[in-house]
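In what follows, a single structure is set out as structure tokens and then discussed.
What you see is a predicted model, and the numbers here were worked out from it, not measured in a lab. What's counted below: heavy atoms across the whole structure, side chains too, no hydrogens, waters or symmetry copies. When a ligand or atom number is given, it counts from 1 through the structure's own listing order.
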Amino acid sequence: MQENLLMYISIFEQNIPNMSHNLLKGKKGIIFGALNDMSIAWKVAERAHEEGATFTLTNAPIAMRMGAINDLAKKTNSKVIPADATSVEDLKNLFNESQEILGGKIDFVLHSIGMSPNVRKKKKYSNLNYEWYKKTLDVSAMSLHKVLQVSSDLDAMNEWGSVVALSYIAAQRIFPDYNDMADAKSLLESITRSFGYHYGTSRKVRINTISQSPTVTTAGSGVTGFDKFIDFSEKMSPLGNAGSLDCANYCISMFSDLTKYVTMQNLFHDGGFSSTGVTEAVMDRFGE
Ligand code: NAI
């Protein structure tokens, strides 16, 4: 009986495709933003673990209360360090502790953070609450500058290290319900270029944004009319919307040494949406 079970398990295992290519073997990282198993950061953590990386997980102290991040930590054999990404003190502690736990400097950072009180409270873009607007920009964009400035001041990143932040095409074009998050994403992409210059010249650290298709997650679903919009985007993308696992795979490639000379870029991961004027699938819905 025992023998049969073992045989069954070994046959079963052989049928599981091995996704790992050891692309991040020996690399050390910090992953921001895994809230639950729908989060893009969650998928990145799972994939980074499969690719041989070690890393710490971090999120805002308030997000810890949900507890799901501890399941991810167990699964990926990593430690959780709470940090509000708008607090320079928290970020200093995060980089110091991460280097202690991981035993050296950091090779990759994922910034997967977004939050707008105006979106949450359904304020229109032409009637914003300015205190909330500041909060949107601080949490969703300036936090990237703080992460980079803290890590650069502490000299916490290895040469050829790679930082990826997640963005959205509303940084370039108007999507009315994306509201003040559009301004935050424009700033995020600008910080990526500006700090990419400074960190590149001083320490050969590279910084890029990945501009992702709309994806069903806690942050994504907060945008008004998200379900209809995701359907529109699907029909406007020659390849369809890119999912979160594929986004994670793109992040892994950006952390790997296969993309060493890519920096200061906004990289669209959107099934072709950003280059498409119109599709037959969308046109078919008009002129009836
Ligand atoms: P999510 O809700 O799972 O992740 C957002 C994360 O930001 C959460 O883990 C949240 O706790 C964290 N966060 C909020 N305030 C924070 C603070 N002060 N300090 C530290 N962390 C804080 O949603 P998702 O979709 O995985 O979002 C990740 C990133 O991807 C965001 O930048 C989002 O704008 C971006 N993105 C998402 C798209 C979507 O349709 N879901 C499309 C394109 C980009």
Report the part of [X] (side chain from C-beta onward, or backbone N, CA, C, O) that has a heavy atom under 4.0 Å from ligand 1; answer both or neither where that applies.
X      : result
Val139 : side chain
Ala165 : neither
Ile40  : both
Ser112 : both

Heteroatom distance test ([X], ligand 1): nitrogen or oxygen, under 3.5 angstrom:
X      : answer
Lys185 : yes
Ala63  : no
Asn36  : no
Tyr168 : no
Gln212 : no
Ala85  : yes
Thr215 : yes

Could you give the side-chain donor-acceptor pairs of residues 121-128 under 3.5 Å, partners two or more places apart or in another chain?
unit_1	atom_1	unit_2	atom_2	d
Tyr125	OH	Asp183	OD2	2.7

Test item: side-chain donor near acceptor, [X] and [Y], under 3.5 Å:
X      : Y      : answer
Ser237 : Glu234 : no
Thr259 : Arg206 : yes
Asp180 : Ser116 : yes

Margin query: Check whether Thr86 reaches the backbone of Val139 with its side chain - one donor and one acceptor, N or O, closer than 3.5 Å.
Written below: no
Identify each donor-acceptor pair in which a side-chain atom of residues 22-35 lies under 3.5 Å from a protein atom, sequence neighbours left out, and give them as a table.
unit_1	atom_1	unit_2	atom_2	d
Lys27	NZ	Asp257	OD1	3.1
Lys27	NZ	Asp257	OD2	3.4

Margin query: Could you check, using the six-membered ring where one of them is a Trp, whether Phe108 and Trp160 have ring centers closer than 6.0 angstrom?
Written below: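 No, they do not, as the ring centres are separated by 6.0 Å or more.
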Could a heavy atom of [X] be found less than 4.0 Å from some atom of ligand 1?
X      : result
Ser211 : no
Met38  : no
Ser140 : no

Note to self: For Asp37 and Lys43: C-alpha separation, side-chain torsions, deciding distance, then whether salt bridge (charged side-chain N to carboxylate O under 4.0 Å, His left out) applies.
What the structure shows: CA-CA 7 Å; Asp37 62 5; Lys43 306 275 188 263; 5.8 Å; no
Next item on the list: State, with a plain yes or no, whether a side-chain heavy atom of Ile210 is found less than 4.5 Å away from one of Met254.
Entry: yes
Checklist line | Of the listed options Thr86, Asn59, Leu166, closest to atom 30 (O) of ligand 1 (non-hydrogen atoms) | finding: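 Comparing heavy atoms across Thr86, Asn59, Leu166, the nearest one to atom 30 (O) of ligand 1 lies in Leu166.
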Next item on the list: Could you list which atoms of ligand 1 come closer than 4.0 Å to a heavy atom of Pro214?
Entry: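 Reading through ligand 1 atom by atom, the close ones are 40 (O).
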